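A quick note: this is a predicted structure, and the numbers were derived from the prediction, not measured. Letters A, B, ... mirror the listed sequences (proteins, then strands); counts begin at 1.
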Protein chains: 2
Amino acid sequence: MTQALGMPRSLGEIYGLLYATPQPLAFQDIVARLEMSKGSVSQGLRFLRTVGAIKPVVLAGDRREFFEPVVELRQLVAGFLRERLNPQIEIWGARAKALKPADFALETLSDKGRGTLANRLEKLKTWQKRAGTVLPMVSKLLG
Amino acid sequence: MTQALGMPRSLGEIYGLLYATPQPLAFQDIVARLEMSKGSVSQGLRFLRTVGAIKPVVLAGDRREFFEPVVELRQLVAGFLRERLNPQIEIWGARAKALKPADFALETLSDKGRGTLANRLEKLKTWQKRAGTVLPMVSKLLG
DNA sequence: CATTAAGTTCAATTAAAAATGAACTGAGGG
DNA sequence: CCCTCAGTTCATTTTTAATTGAACTTAATG
């Protein structure tokens with residue numbers, strides 16, 4: 001699944017291990033169990049944390065940090081939308097807004113062509129608005 | 001956007017060119033305009049077609065096939081969900097169903113651990129069902 | 001404070017994905 | 001029928017992304 005959404009496989013492996021393990025695991029446990037480099041695990045955990053797919057657990061009397069999976073689908077999806085999709089939509093929307101009809105070679109076009117382009121330019125701008133309202137709804141639908 | 005969703009940049013370029021051009025374009029137009037190889041354009045167009053992001057247009061008296069963009073966000077999203085996400089969810093769901101408690105080293109676990117695992121295993125199965133009902137709703141929301 | 005264990009960073013390497021391009025197929029047109 | 005044009009296929013190359021690993025921080029411990 002992570003790969004289908006354009007994220008590294010290692011993320012899926014780490015999350016999967018945490019999911020399949022009833023106790024929280026420490027950094028080193030993951031490195032050992034997945035035979036993965038510390039670097040990958042470090043970056044993987046960081047991303048999973050920012051996305052809200054895992055949560056840190058402190059165990060008394062242990063210096064290490066432990067992790068357990070967030071098992072609510074709603075939160076996983078919300079995190080993905082927030083951290084991955086939304087930023088791109090922002091960028092995309094900003095660019096769409098900056099586009100002016102003059103950015104196209106309008107002089108060379110028929111009236112009909114100009115109309116079509118103007119239409120599409122408008123549509124582009126509504127897309128972003130629509131995304132902005134729909135994405136939060138999706139998160140809620142899964143709650 | 002296409003890259004954020006784990007698809008090649010070239011797809012975005014082709015769709016973008018079609019979107020920014022009021023007339024339908026032929027295969028060769030795209031190759032020329034994007035300075036892209038025939039191979040890439042061929043594969044790109046094929047994917048965009050299966051996803052329903054473009055539609056073929058036949059112009060009378062011209063042997064070539066022309067394309068124009070599908071500009072309805074709803075259809076674009078629906079196509080992505082159908083062609084990219086759903087297949088993965090199917091696979092994932094099938095695997096989840098095939099998992100048995102015995103696939104985990106249950107003997108080595110406390111009762112609490114066993115309970116947690118059984119819970120998660122159940123949850124995994126509900127995820128797929130939920131996805132199956134929510135994805136179509138998403139498509140409709142955008143309509 | 002020195003030491004050691006825990007985790008991070010990032011340049012270099014490796015692996016994966018995408019783009020290329022040449023050889024191929026197949027449909028019209030002459 | 002043969003030739004040309006339109007597009008496809010796929011092995012190779014190129015590009016991009018992910019992984020590694022060694023050097024570096026940071027913080028707890030004796």
Side-chain angles (χ1 to χ4, degrees), chain A residues 1-18 23-51 53-68 80 83-85 87-88 91, chain B residues 1-18 23-51 53-68 80 83-85 87-88 91:
Chain A
M1 275 305 291
T2 59
Q3 284 191 294
L5 296 168
M7 302 181 218
R9 180 196 354 253
S10 60
L11 281 188
E13 292 181 315
I14 296 172
Y15 181 81
L17 175 59
L18 292 174
Q23 318 88 17
L25 293 180
F27 184 96
Q28 300 290 356
D29 300 331
I30 299 170
V31 170
R33 184 65 203 275
L34 298 179
E35 295 173 24
M36 196 180 280
S37 71
K38 290 199 293 170
S40 279
V41 172
S42 178
Q43 291 180 189
L45 286 174
R46 174 157 38 151
F47 180 80
L48 287 170
R49 230 183 319 198
T50 71
V51 138
I54 63 177
K55 51 193 171 197
V57 180
V58 249
L59 294 186
D62 200 316
R63 189 171 160 181
R64 297 170 296 169
E65 198 172 17
F66 290 78
F67 298 93
E68 61 184 25
F80 173 77
E83 300 292 328
R84 292 291 271 204
L85 219 49
Q88 285 307 320
I91 291 170
Chain B
M1 274 307 290
T2 59
Q3 284 192 292
L5 296 169
M7 302 179 217
R9 185 205 340 265
S10 60
L11 281 188
E13 292 182 315
I14 295 171
Y15 181 81
L17 175 60
L18 291 174
Q23 318 88 17
L25 292 181
F27 185 95
Q28 299 290 354
D29 299 331
I30 299 170
V31 170
R33 184 65 202 274
L34 297 179
E35 295 174 26
M36 196 181 278
S37 70
K38 290 198 293 171
S40 281
V41 173
S42 178
Q43 291 180 189
L45 286 175
R46 172 157 40 148
F47 180 82
L48 287 171
R49 229 182 321 198
T50 71
V51 138
I54 62 177
K55 50 191 171 199
V57 181
V58 248
L59 294 186
D62 199 317
R63 189 170 159 185
R64 297 169 297 169
E65 196 172 20
F66 290 78
F67 299 93
E68 61 184 24
F80 173 77
E83 300 293 327
R84 292 291 272 202
L85 219 48
Q88 285 306 320
I91 293 170

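The side chain of B:Arg46 contributes an N or O atom lying less than 4.0 Å from OP1 or OP2 of D:dT9. An OP1 or OP2 oxygen of C:dT20 is reached within less than 4.0 angstrom by a side-chain nitrogen or oxygen of B:Ser40. Residue B:Ser37 places none of its side-chain N or O atoms closer than 4.0 Å to OP1 or OP2 of C:dG21. At C:dT9, none of the side-chain N or O atoms of A:Ser42 fall inside 4.0 Å of OP1 or OP2 (strictly under the cut-off).
Going from atom CD of B:Glu35 over to atom P of C:dA18 covers 22 Å, rounded to whole Å. Atom-to-atom, CG of A:Leu45 to P of C:dA6 comes out at 15 Å; the value is rounded to the nearest Å. Rounded to an integer number of Å, the gap from CG of B:Leu11 to P of C:dA17 is 15 Å. What separates CG of B:Leu34 from C1' of C:dT20 is a distance of 15 Å, to the nearest Å. In this structure, A:Phe47 places its CZ atom 16 Å from P of C:dT9, rounding to the nearest Å. Across the protein-nucleic acid pair, B:Phe66 atom CZ and D:dC5 atom C1' stand 13 Å apart, rounded to whole Å. The CE-P distance, from A:Met36 to D:dG21, rounds to 13 Å in whole Å. Summarising the geometry, the separation between CG on A:Asp62 and C1' on C:dG7 is reported as 14 Å, rounded to the nearest angstrom.
Taking only side-chain atoms of B:Gln3, from C-beta outward, the nucleotide of D:dA17, C:dA17, C:dG7 with the closest atom is D:dA17. Checked against C:dA19, D:dT19, C:dT8, the side chain of A:Phe27 finds its nearest nucleotide in C:dT8. Distances from the side chain of B:Lys38 to the nucleotides C:dA18, D:dG7, D:dA23 place D:dG7 closest.
For the pair A:Val41 and B:Met7, both in contact range of DNA chain C, the more 5′-proximal nearest nucleotide belongs to A:Val41.
In this model, a side-chain donor or acceptor of A:Arg63 finds a partner on the base of C:dA5 within 3.5 Å. With hydrogens and angles ignored, no donor-acceptor pair under 3.5 angstrom links the side chain of B:Arg9 to the base of C:dA18.
Using a 4.0 Å heavy-atom cutoff across all strands shown, A:Arg64 reaches sugar-phosphate atoms only and no base atom. Nucleic acid contact class of B:Gln43 (heavy atoms, under 4.0 Å, all strands): base.
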Verify side chain to side chain contact (heavy atoms under 4.5 Å, CB included) between A:Ile30 and A:Leu45, making sure each step is shown before the conclusion.
-> CA-CA 10 Å; A:Ile30 299 170; A:Leu45 286 174; 4.1 Å; yes
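Considering all non-hydrogen atoms of both residues, B:Arg84 and B:Gly6 come closest at NH2-O, 2.9 Å.
Side chain of A:Arg33 to backbone of A:Leu25: no donor-acceptor contact under 3.5 angstrom is found.
From B:Phe67, atom CZ reaches atom CG of B:Leu17 across 12.5 Å, with rounding to the nearest 0.5 Å.
Around CZ of B:Arg49, the count of heavy atoms belonging to other residues, nucleotides or ligands within 6.0 Å exceeds 12.
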